[in-house]
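In the text below, chain A, chain B and the rest are named by the order of the sequence lines, each starting its count at 1. Worth knowing before you read on, the calculation uses all heavy atoms, side chains too, and leaves out hydrogens, waters and symmetry mates.
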Amino acid sequence: MDIPKTYDPQEAEQRHYSRWEEQGCFVPETNRDPDAPIYSIVIPPPNVTGSLHMGHALQHTLMDVLSRHKRMCGHRVLWLTGTDHAGISTQLMVSRELKKEGLTRHDLGRAKFIERVWQWKHESGGQITRQMRREGASVDWSRERFTMDEGLSRAVREVFVRLYEEGLIYRGDRIVNWCPNDQTVLSDLEVEKTPQAGKLYYLQYPLKGSNGEGRRITVATTRPETMLGDTAVAVNPEDERYRELVGATLVLPLTGREIPVVADEFVDPAFGTGAVKVTPAHDPADYELGQRHSLPQIVVIDQFARMTEEAGPDFFGLDRYKARELVVERFEELGLLEKVVDYEFSISKCERCKTVIEPLISTQWFCRMDELRGRALQLLSDEKLPRFVPDVPYKRVYAEWLENLRDWTLSRQLWWGHQIPAWYTKDGRVIVARSEEEARVAAGTDELTQDPDVLDTWFSSALWPFSTLGWPDETSDLKTFYPTSVLVTARDIIFLWVSRMVMMGMKFIGETPFGDVFVTGTIFDKHGQRMSKTKGNGVDPLEVFDKYGVDATRLTLASIGSTDTRWNENQVESFRNFANKIWNAARFCLMNAEGAKVGEGFDADRAGWALHDRWIVSRLNRAAESVGRSLAEYDFYAAVQTLYHFFWDDLCDWYIELTKADVTAVEASPERDRARSRLLTVLEQALRLLHPFMPYITEELWQRLPGVGRELLHEAYREAEPTIMLTAYPEGSIELIDERAEWEMQAIIDLISRVRNIRSELNVKPSQPIEIMVVSADERLGALFFAGASVDQIRRLTRAEKFRRVDSLAQVPRASARAVLAGGAEVAVPLEGLIDFAQERERLGREREKLQREAAKLEAQLANPQFSERAPAEKVKEVRDRLNDIAQRVTALAQMVEALK
RNA sequence: AGGCACGUACGUCAAUGGUAGACGGCUUCCCUUACAAGGAAGAGGUUGGGGGUUCGAAUCCCUCCGUGCCUACCA
């Protein structure tokens, strides 16, 4: 037998993926059933610059489990993959490369730079998709997409033009989040707020006309440098302190500019001095306040976060922080700096480069969200779509975010991305068109310049579920696979991505892009910290694959599902051991496979089968049924648990041991062949059940089983090459669940366990043979234990030399260890010389006490009239039955203690 | 500042209002011809504290303590 004792995952992992891919197992066309149900998933496209991290591995595992499961159920499955062009990340990555050559992108110019990015993409982009192959992800590579493919770009332009024509996209001046480092505008979602220890400066502004000793208003600010652009001071209209000053004029220090005092509800009288300086050009709140009061906007900070000429000759050209120091200094000189206090506030930073955002007024493209948001909310309230799993809290979070949505800033001042399809004529007209040609025709001139900006990366991502399927053409893929079945994603992009896909899907297809949204948990490091590149605390999935194998890692990830969890390598190790267990169980079967075939004699009349055979069939069907149900509910954890315990406990610990004698019989016989075939068949079914979770080991073993071939494939794949991937997933049939067999088997398992317990507690060496005596008042139990096959099995598994029935405990030697079984049977193991009577009495006494405590609890429950009146009759009966059983055992134990005296 | 989650064995996590479990770790015994990455047995919990609802609470409600996450224009 040339099967190694230990499973080597890497060897199996190398062997199967490329074969599956070459044989077309991943493409939906392999399914030849024209009526096959459709199942489709689009992958959240990872950044083309990215490499695989645990979050991806988690998502991919779950998507692959679902895809493989549905495929085996005969569905026409499409799992579509691809990557995102990731505007800023990619541009930065290539810019960094250029820097090493002493160049900037401006040295190259736009066209050359973009060429260079494409070159980078072809040479080293998409590393992550190659890593996906290692994961075993059954994605359809023939439909792989990139957000800047011609087809997807066409969809982007089409959507932009249509939204523009409907007035949903507009160009305008607004205050935006500007990153002075990346030199681009950012959407609200790309800005992160971090707490910061700073200072609050109290500045005094004198009233006009009051010379020298006149009144002043004190304002508090964290950004003194912006005072140079102040165009008002605002107070709350209800604030008594300032009521008479509303409408008064102040002289703005350092500039001499006259500014009004205005009243606005926005001002909180309780904060600071109750008077707010208003800088409409450099603060989003002030901007809105400025709009309400028609205040001028004075730009004093430029796109590089330096002071402009408007800031005055003393400040012009200074960095914003230098300007801050200088302003404070000047105020101090003028005696207008009231005080400076320490103050913690949150500051907005660029999510990528962590530079402090500078709010600036600039001309950008925006998308109105009212209509789009309305349809998404309607879909949620009317049709309950998409269905979030888990629904708490995501459904609510999603709905609330939509309700408070503001216009989406679409333009980005980058080169890498979808250039905005808008052209300008010399006389200032704006032409939005699908192509430059179309724009020329519309403009009536060839002298056009295209808007230099590109679209937010998430604009193309928002179209992903339909642009990847060929939209705006009415392709058959689009008709077949849209809407997709489920979206599996991390929670941090519910707003950035999920909501926008819903809005765009509703707008352009009129249907939700996906039925379900499964939100995965987050994997933290062992200290509960989020894994991140900058912290360097990430665990590399590929290293885990190398160490424990892909299948073991997948089981760990599948168990995580939607739970937030701290990464725990023990768990992977445990599943690695499980993989090895599977390997060795199969190894045992294969070592004893001569004369046997998968499926042979399995359809025969089961009434004549041995108890353990009927039992394992029942357990198998119960497990299959349960796994199917769990997967339908996205309860991956439960599915894994069921499979683990079915395989290890039921199949390995009990079934193989029970059938071992038959299977390993020295002489060939029809009985031996039957036993072997049954074992092989059960194993083969178990491998199928495990396959979606553990694709590699199951395929590796399945291929070695005698009797596997095309005939085992699901009908829909009958013409394919034999592979476990395309066999039918065992559904589990309720009719094959045999309650009686399970009850009987459980009684035997209990007997064996009790005897083993005695051996262990009394330190009886495994090598020492024992004798077992059983007293059973219950005829059914007695018959069961002493049925032909059972006797040998019980003896074998307890290492008992003799196993016999006695009429009463009185016939048992006094020096026996005893135990009570469920159902009232009693078991005794004569152990002359090994029994310390006092100790044994104590052991039994302890057990009796335990049972008595439980009985007391149950009795109290039954004694409570409220319980029997109000609890369901079924529960009451359950308690009564349990109490009866316990009482019986307590009595038996008492007698046993007596016998030892 | 608001909002929302979470707190269960030493660790990581389970448990439709009805006997609190799994895996790892730990203890004892066993290299029994599928597997020592294994087998057998075992210890370990007033479910963060306190109150309430209920015949019955880890689960529902209130409150306190602790921990995360999200949202927000308090200068």
Side-chain angles (χ1 to χ4, degrees), chain A residues 1 3 5-7 193 200-201 219-223 226 234 266-268 270-279 283-289 343 345-346 359 392-393 396-397 400-401 404 491-492 494-495 522 524 526 528 530 548 552 556 559-560 563-592 635 637-638 640-641 644-645 652-653 656-657 660 664 752-753 756-761 763-767 796-799 854 857-858 861 864-872 874-876 878-879 882 886:
Chain A
M1 181 50 55
I3 304 177
K5 277 173 95 164
T6 305
Y7 171 52
K193 309 242 170 162
L200 196 56
Y201 301 86
V219 295
T221 180
T222 53
R223 300 197 58 195
T226 62
F266 155 75
V267 181
D268 175 5
F271 186 87
T273 61
V276 186
K277 61 188 276 308
V278 183
T279 324
D283 181 280
D286 292 3
Y287 174 83
E288 283 177 20
L289 196 149
Y343 179 63
F345 62 106
S346 68
V392 177
R396 192 174 150 178
V397 165
E400 281 179 1
W401 185 80
N404 299 317
R491 64 164 156 262
D492 52 354
I494 291 178
F495 306 144
T522 306
F524 301 99
K526 62 181 170 188
R530 188 177 282 275
Y548 298 103
T556 309
S559 304
I560 287 172
T563 310
D564 284 356
T565 194
R566 297 181 182 202
W567 182 254
N568 184 348
E569 211 174 86
N570 289 338
Q571 195 60 246
V572 195
E573 192 180 341
S574 152
F575 285 128
R576 189 270 316 261
N577 295 352
F578 179 51
N580 197 51
K581 189 74 181 176
I582 296 169
W583 182 259
N584 278 290
R587 187 162 161 265
F588 172 78
C589 296
L590 291 169
M591 285 164 72
N592 298 286
D635 191 348
Y637 176 86
V640 171
Q641 289 290 310
Y644 184 93
H645 290 290
C652 294
D653 287 352
I656 289 183
E657 296 305 328
K660 196 174 253 177
T664 59
I752 293 169
S753 298
R756 284 172 170 174
N757 173 266
I758 286 170
R759 290 195 85 116
S760 178
E761 296 245 320
N763 280 321
V764 181
K765 295 257 176 211
S767 49
R796 181 187 166 94
L797 296 184
T798 55
R799 304 183 144 249
E854 209 182 326
K857 244 165 61 181
L858 297 175
Q861 204 173 358
N864 183 348
Q866 305 269 34
F867 174 70
S868 23
E869 278 166 32
R870 302 202 189 181
E874 182 194 309
K875 282 284 164 229
V876 179
E878 228 177 81
V879 171
R882 260 181 63 219
I886 290 172

- Query: B:rA75 phosphate, OP1 or OP2: any side-chain N/O from A:Y343 under 4.0 angstrom?
  - Reply: yes
- Check whether the side chains of A:R491 and A:T522 place a donor and an acceptor atom closer than 3.5 Å, and report yes or no. yes
- Query: Using a cut-off of 4.0 Å on non-hydrogen atoms, how would the nucleic acid contact of A:Y201 be classed: base, sugar-phosphate, or nothing?
  - Reply: nothing
- B:rA72 phosphate, OP1 or OP2, under 4.0 Å from A:K193 side-chain N/O: no
- Quiz item: A:K581 side-chain donor-acceptor pair to B:rA37 base, under 3.5 Å: no
- Task: Check whether any side-chain N or O of A:T565 sits under 4.0 Å from OP1 or OP2 of B:rC13, and answer yes or no.
- Result: yes
- Under 4.0 angstrom between A:N757 side-chain N/O and B:rG42 OP1 or OP2: yes
- Message: Ring centroids only, cut at 6.0 angstrom: are A:F575 and A:Y548 within range, meaning strictly under it?
- Response: no
- Item | Residue-phosphate contact under 4.0 Å: A:S753 side-chain N/O, B:rA40 OP1/OP2 | no
- Query: Is there a side-chain polar atom (N or O) of A:K5 under 4.0 Å from OP1 or OP2 of B:rC35?
  - Reply: yes
- Message: Regarding A:K526, tell me which of base, sugar-phosphate or nothing describes its non-hydrogen contacts under 4.0 Å with the strands shown.
- Response: nothing
- CG of A:N584 to CD1 of A:I656, rounded to nearest 0.5 Å, is 9.5 Å
- Message: Heavy atoms only, 4.0 Å cut-off, all strands: where does A:V276 land among base, sugar-phosphate and nothing?
- Response: base
- Query: Below 4.0 angstrom from OP1 or OP2 of B:rU19, is there any side-chain N or O of A:R882?
  - Reply: no
- Message: Could you check whether any side-chain N or O of A:R756 sits under 3.5 Å from a backbone N or O of A:T798, counting only pairs where one atom can act as donor and the other as acceptor?
- Response: no
- Task: Give A:N404 one of three labels, base, sugar-phosphate or nothing, depending on what nucleic acid heavy atoms sit under 4.0 Å from its own.
- Result: nothing
- Would you mind classifying the nucleic acid contact of A:Y287 as base, sugar-phosphate or nothing, using non-hydrogen atoms under 4.0 angstrom? nothing
Below 3.5 Å between N/O atoms, which protein atoms pair up with nucleotides 21-25 of chain B? Just atom names and distances, please.
from: B:rA22; atom 1: O2'; to: A:Q641; atom 2: OE1; distance (Å): 3.2
from: B:rA22; atom 1: O2'; to: A:H645; atom 2: NE2; distance (Å): 3.3
from: B:rC23; atom 1: O2'; to: A:S574; atom 2: OG; distance (Å): 2.7
from: B:rG24; atom 1: O2'; to: A:N570; atom 2: ND2; distance (Å): 3.4

